[in-house]
Amino acid sequence: MKQVFKRPESMTDKLFHFCPGCHHGIVHRLVAEAIDHFAVREKTIGVASVGCSVFLYDYFAVDVIEAPHGRAAAVATGTKRVLQDHVVFTYQGDGDLAAIGTAEVIHAANRGDNITVIFVNNGIYGMTGGQMAPTTLLGQRSTTSPYGRENRRDGYPIKMTEMLAALEGPSLVSRVAVNTPGNVKKARKVIRQAFQMQLEGKGFSFVEVLSTCPTNWGMTPQAANDRIAEEMIPYFPLGTLKQKDVIDVL
Amino acid sequence: MKQVFKRPESMTDKLFHFCPGCHHGIVHRLVAEAIDHFAVREKTIGVASVGCSVFLYDYFAVDVIEAPHGRAAAVATGTKRVLQDHVVFTYQGDGDLAAIGTAEVIHAANRGDNITVIFVNNGIYGMTGGQMAPTTLLGQRSTTSPYGRENRRDGYPIKMTEMLAALEGPSLVSRVAVNTPGNVKKARKVIRQAFQMQLEGKGFSFVEVLSTCPTNWGMTPQAANDRIAEEMIPYFPLGTLKQKDVIDVL
Amino acid sequence: MYNDVIMAGFGGQGIMLIGNLLAYAAIREDKNVTYLPSYGVEMRGGTANCSVVIDERPIGSPVVGRPLSLIIMNRPSLLKFEPRMKSGGIIILNKTLVDPEVSERNDIDLVAIDLNEVSEKAAGSPRLANMVALGAYVQKSGVVAVESVTAALKDALHAKYHKMIPANKKAIEAGAAAAS
Amino acid sequence: MYNDVIMAGFGGQGIMLIGNLLAYAAIREDKNVTYLPSYGVEMRGGTANCSVVIDERPIGSPVVGRPLSLIIMNRPSLLKFEPRMKSGGIIILNKTLVDPEVSERNDIDLVAIDLNEVSEKAAGSPRLANMVALGAYVQKSGVVAVESVTAALKDALHAKYHKMIPANKKAIEAGAAAAS
Amino acid sequence: MSSPKKVFTKGNEAIAMAAINAGCHYYFGYPITPQNEIPEYMAEHLPAVGGEFLQAESEIASINMLLGAAATGVRAMTSSSGPGISLMQEGFSYFAGNELPAVVVNMSRQGPGLGGINATQGDYFQSVKGGGHGDYKLIVLAPHTGQELYDLTIKAFELAEKYRMLTLVLGDAILGQIKEPIVPWIPQKTAGDPDRDWVISGAKGRAPRKITSLFLADGEMEKHNWHLQEKYERLERDDVMFEEVDTEDAELVVVAFGSVARIVKSAIAQVREAGMKVGLLRPITLFPFPRQAMLKLGGRTKRYLVAEMNTGQMVEDVRLSLPGDCQVDFYGRPGGSVPTPEDLFAVISENYSKLEMGK
Amino acid sequence: MSSPKKVFTKGNEAIAMAAINAGCHYYFGYPITPQNEIPEYMAEHLPAVGGEFLQAESEIASINMLLGAAATGVRAMTSSSGPGISLMQEGFSYFAGNELPAVVVNMSRQGPGLGGINATQGDYFQSVKGGGHGDYKLIVLAPHTGQELYDLTIKAFELAEKYRMLTLVLGDAILGQIKEPIVPWIPQKTAGDPDRDWVISGAKGRAPRKITSLFLADGEMEKHNWHLQEKYERLERDDVMFEEVDTEDAELVVVAFGSVARIVKSAIAQVREAGMKVGLLRPITLFPFPRQAMLKLGGRTKRYLVAEMNTGQMVEDVRLSLPGDCQVDFYGRPGGSVPTPEDLFAVISENYSKLEMGK
Amino acid sequence: MPKVEIDIERCKGCALCVDACPEHVLELGKGINLSGYQYVVVVSPEACIGCCRCAEMCPDVALAVWR
Amino acid sequence: MPKVEIDIERCKGCALCVDACPEHVLELGKGINLSGYQYVVVVSPEACIGCCRCAEMCPDVALAVWR
Ligand SMILES: Cc1ncc(C[n+]2csc(CCOP(=O)(O)OP(=O)(O)O)c2C)c(N)n1
Ligand SMILES: Cc1ncc(C[n+]2csc(CCOP(=O)(O)OP(=O)(O)O)c2C)c(N)n1
Ligand code: SF4
Ligand code: SF4
Ligand code: SF4
Ligand code: SF4
Ligand code: SF4
Ligand code: SF4
Ligand SMILES: [Mg+2]
Ligand SMILES: [Mg+2]
């Protein structure tokens, strides 16, 4: 009998501080599995962002730099320009990447910086207690959209994946979810592919992961999980929007 | 005999400080003409940016706020939320809007803020003396890309119009040029349309104007003018990418 | 008279609610009061605590360095706060989760109650353990009248929970009884 | 000996180039020198100017408050700088564009030259008016030798303009002649 | 119109409530602990008064939206903490250069860097010396109770308008999170005069106006700078605020602001009981700093203890204000380690006993 | 390896040249006048040494790219001016919290706001008091000639590494734009030790490392803050730099830094000729400030004149450093109005004559 | 025989695994772990087919599976 | 008859109008204006068709056209 599911080696033993049922834990595991898969733990550098995933360094057995809120992509660019043969990834929430960090991620993508960006879109500011995120759905209540998000005041839930796919720079732009075992498997594949792109020097890879925040959605973990399929995926369709297979150099 | 071409009334008499042949002057005039056309000079507020067009207030006979570099869209949002029945426009260069101001313009567009953004893309930092802009063409030399822009280091010339058109928020997203009398006429029409959108409460309108910088391109005004058709338009195709005709409210 | 208390436990044990409730009870008695919650990142997975200061005179520090009393709902909270207590203070301890033997002070007044059991008996559910604890503390300290606390339920609870007031009242009173 | 000069004119009249050239000439004579350009927004449409300080001893201020000499290429520059000049100073004035009558000082040494004409004659084009002016200034002030200036052309000009050195040399020398 | 009824309110909410009651109908902000209750309160209550709450995409957007709103002459505000306030420094400098009035709240938290979310006073220098570029000042108000958070927020709007300056309400995690009963009230004037000659409102029947901080002509910028300094001097003359407690006979005066001052008050009550003659001087305006008050006090009391939740910042202003013969000691607790009344009792007693020995 | 040959170099280029010669192979920056020659020089010359020049999309991106590069232990830098430096304040605070070494150049220009592009010293407070949030310091170096721009840039990299701190080279439009002959040289050590125990390099054969400034456990943040303070004290003990000119017999000492100090030197030469006993103290490190040197000097000379191109900033540090019986006057020219040697001659003479009268 | 194992101190009782298991092998138990969470227990070990669906969904990496 | 008029003090001599005019009405002159620019002059006024092409292209709004 063989162990077919176990804790990835790139993870530490530390218990997650995440709330029960929070998808951050699943995404953490998938990233660690990708690192294991390519056996690059010793040359991987994680760039943590500010959000519920701020303690990345507690859970990953790799070197980690904690970036200021929104600036993970810029920090990763700085690191990667020096350590070009290392693997550099960022892990960012939707507040971090799609609000304050908009310019940084767009320009890293546009430059085709050879880094991997894992974008956890839970449609809310988790860490700060449930404020509206740029990706909060229309009509959704949050502590700063108490009457529901309204497009004329707050704008539309922003589709970062679609927007980045409109740029020439990035090599892989994809959206996945982790709400069912099947989707977890697909997400695993895409995240692995994102790291592979980087290892092959193909440039910027970006994976958006639709994710729950049971606590700030005010739902049980199961209800939150179900909401992904019922509300999030219809607005944020899954799939790979862009994939370059050759390295283009001027 | 009737005067068929004259100085717009929304302009002051002051001589432009622009270099000979610089398209900024043409774009200034077209914006003033649009203001004249709708007879809204007395309720128009311009938001100037930092760049060669920083002295907007010297040339327009309207109230003007000078925004910090890159932040014109945020300033305009603040003003428009208060003065909802006024006409608010920003006038921004490519360094201003497509580099440091990326996040601000994207989020104003995504919110569908009811303002008009005039984006003068001359592929260079004019005011500061010819550094590479996010829109500088591949291979183009500038003081900070002395060996020519190279996509693997500097990224691709960014297409703001295409990227903004990928968002749900904006109502009009268009690219024009002013390199021939015919293109000037088309640009006039689109700029006028952009103001009309705002007057009708349809939300965010955005016009990118391909523009010369003879000084920092190191060219005569005529050669610079020709380069628009030869090099700029092929990469930045003209046309309206997005136009909403109804006001959508959740 | 000046009085202060720190209440602590897991997030989800209703610590903040009883802190607020006590404050409202003090306001009903026309006393001055400050309520200072811990908050933020600690909420996820960690412990939650708050400090309440009650006085007839204006309150200086809302920060309690050496508490006169504690309401302790879990083990980590006992370990954290007990050593700081003033001599002679009161601890209301949640015996359901914490073995009273863990306490190391003998210069204090330790009131260990099986809060879940008392709550279950009084209100038909173990979920009002926090109210039981507050009832016990108020009874034991006399900082405000038990009636002020039960009367304040409608101030502290959101209108949509007002139907739960009777059960809460029972739990508070059962706590008071358990401590007397 | 300490010497300073401010050179001013339209952007495009080659002010910065002659400032640099003078500095290189001073370096050839092993003197200390500072060159301080005006720059930036002023470049567009406005005037350009620079200050050069030359001394055998280390140079303190590179900022020239009350210049000993001026090279003036257009009218606005004369209006701006003449009033600040030290008494007894030298002005090399571009008579092609500025009427010497505009000068209001009579305690200074005004050398008005039709620079375009001299340039045209000496070098076959009016475009070296700046070099003519510098030649005149150096001759008049004696701050460095005219030969040092012509020798310094290869330091100050980018290699791709070195073929223009002979014409520049002629213009400088013609300027020196015009001022002597 | 004011009501004497007490409401049990969180500090952050007291600020938001006061702002709305002061006629502030425009709020732009970005979430950050420990001040989220301010935007949350605004989001809930501004629609009812016809105002606009807008969550910006960042603090930089917030401060610039605020700039755009302030230029129209309305009352408007933003709030943030530590890292967010740092990001606004360019904007602050523009506000100063443009002479625009608005209110910013900093519920400060531990630094440097991401730090932590507990209370500190590490942003004193940033607030009073100017964290942005150039010679400029903000008006800085430092409340120490829930009621004062309310009252000074109203005052902040008034001062901002009076001087056309950005006014900063500097609190901390304690003040933002504390709940206590306060008495809300509504000031008489709740809006700036719409006819002010700098207000951007469309050039209807008047010459166009501009809001700019760009000055290129010779000497213009220097003139503008001296003009700003003149305002700062006026502020110092007319609008200094401070509180003195038990200073008349004090042999030792503690100087403290904000939440620490409140804890010091408890400690002083204790040391007074123990027979020590100790007083408190509490600056309420950190800029303008109560220099004259200190100078006067320094003629009488010679020994001072400055207590701050940082490694020593306001202590410099205290030293600069007092006569040369005063002795100024410092007690600091940086990084969110809030001193308790007991800690302060110990430090004050020790300091006082040195004084006794010195006699 | 160093060559005694003089090269005629613009101040900004002297800095860029020195940085490359000091082994700085990574530059991230965003254009702004008056420092554009730094990125331009880097763009031209870094490729030849195998380095990376990257024009960032903003100053915020620049400082954060710098952070990402600095974390790997290499020598790296950015440069900017006024508004751009303000935008980096959050980043500066993170550098301090993270204890990362790097060099930033501020060629300061007029403020507040957009201001203008002429020289001022209005960013002194921002530089030495900390424009970002929290209790922290930068090392601040203030060169006053082209040669010193070169030399101190090299020193900046050394100090940054020695203390794991951000080091700011504070110049202004004059220093950035001036051209003069300098002697370039190459320091012995041109890279940090790659084995330092904090360097992020991939967790190969060692425990994973983290660069963070987040401290949440009780008391940890306070500990970290005191640890930082300890470094600052060490700096003050070991690495203060200043220049004294003609102070031995001086009855009046002028205190000035950077470009103003240079102009003061000319003025002092003139007043000395006129028989007045005047000296100069020029702080070269603005932080650590030469407090001990001032204190010592203050035992002898009692009268001081602080000259700055601002409305009075360093003057506070001078007052805080000198004994209480010294008289400190201030002469300020804010907003790009550079005082000429003649202006300073007049002010110094006037001040000196008051001294004569006082006798 | 396939087997699932629960690290009860890691479990937060979110029950995502319970929903994910096609064979109803898991259920929330009555016990409370040291962190205060009601953890999951294996109720029908024999039914486990070792498909890992539970483990894929566990946000806390509390499950291990053998096959 | 159509007519074009040049405000010579506004003209910067960029010659964009010269290129734009289908009738070769305009040319750069010899004169220099107060700002130091060589300005444009009307060389064949009679040829002007009043089409405004010149004016559309003038960045300095130095041209007026009658028709
Ligand atoms: C400059 C700055 N602004 C604001 C914050 C406060 N802040 C911390 S995390 C966060 C957003 C968290 O939301 P998200 O990025 O979606 O991550 P999540 O917690 O949802 O995973 C914010 C606004 C900060 N730390 N720094
Ligand atoms: C925060 C900040 N960073 C940098 C600058 C310097 N700056 C002034 S204008 C400008 C860019 C100008 O380029 P662009 O926006 O393309 O306008 P153009 O001059 O080409 O019309 C820059 C970088 C500034 N003023 N403020
Ligand atoms: S707050 Fe939301 S995102 Fe954060 S750990 Fe909890 S569930 Fe996850
Ligand atoms: S520098 Fe370029 S953009 Fe600026 S005015 Fe001159 S030509 Fe126009
Ligand atoms: S491995 Fe499959 S069958 Fe076994 S418990 Fe998990 S989900 Fe159920
Ligand atoms: S999914 Fe994991 S954490 Fe959730 S109940 Fe199952 S074992 Fe426990
Ligand atoms: S109006 Fe037409 S024809 Fe006349 S000058 Fe202008 S371009 Fe030529
Ligand atoms: S286009 Fe205008 S500025 Fe240019 S040459 Fe013609 S008239 Fe003069
Ligand atoms: Mg989120
Ligand atoms: Mg441009």
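To find a chain, count down the sequence lines: A is the first, B the second, and so on, and within it residues start at 1.
- Partner F/Tyr150 forms a side chain to side chain contact (heavy atoms under 4.5 Å, CB included) with one of F/Thr145, F/Ile15, F/Ile182 and no other, that one being F/Ile182.
- Proximity to chain B is limited to the backbone of F/Ile32, based on heavy atoms less than 4.5 angstrom apart.
- In terms of heavy-atom pairs under 4.5 angstrom with chain B, the leader among F/Pro31, F/Gly84, F/Gly29 is F/Pro31.
- Looking at F/Phe53, both its backbone and its side chain come within 4.5 Å of chain B, counting heavy atoms on both sides.
- By number of non-hydrogen pairs under 4.5 angstrom with chain B, the leading residue of F/Pro39, F/Ala56, F/Ala43 is F/Ala43.
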Expected list for residues 49-62 of chain B: side-chain donor-acceptor pairs under 3.5 angstrom, two or more places apart:
{"residue": "B/Ser49", "atom": "OG", "partner": "B/Tyr91", "partner atom": "O", "Å": "2.8"}
{"residue": "B/Tyr59", "atom": "OH", "partner": "B/His17", "partner atom": "N", "Å": "2.9"}
{"residue": "B/Tyr59", "atom": "OH", "partner": "B/His17", "partner atom": "ND1", "Å": "2.6"}

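- Atom CD of B/Glu168 and atom CG of B/Asn110 lie 8.5 Å apart (nearest 0.5 Å).
- The aromatic rings of F/Tyr26 and F/Phe28 sit parallel, their planes meeting at an angle under 30°, below the 60° perpendicular limit.
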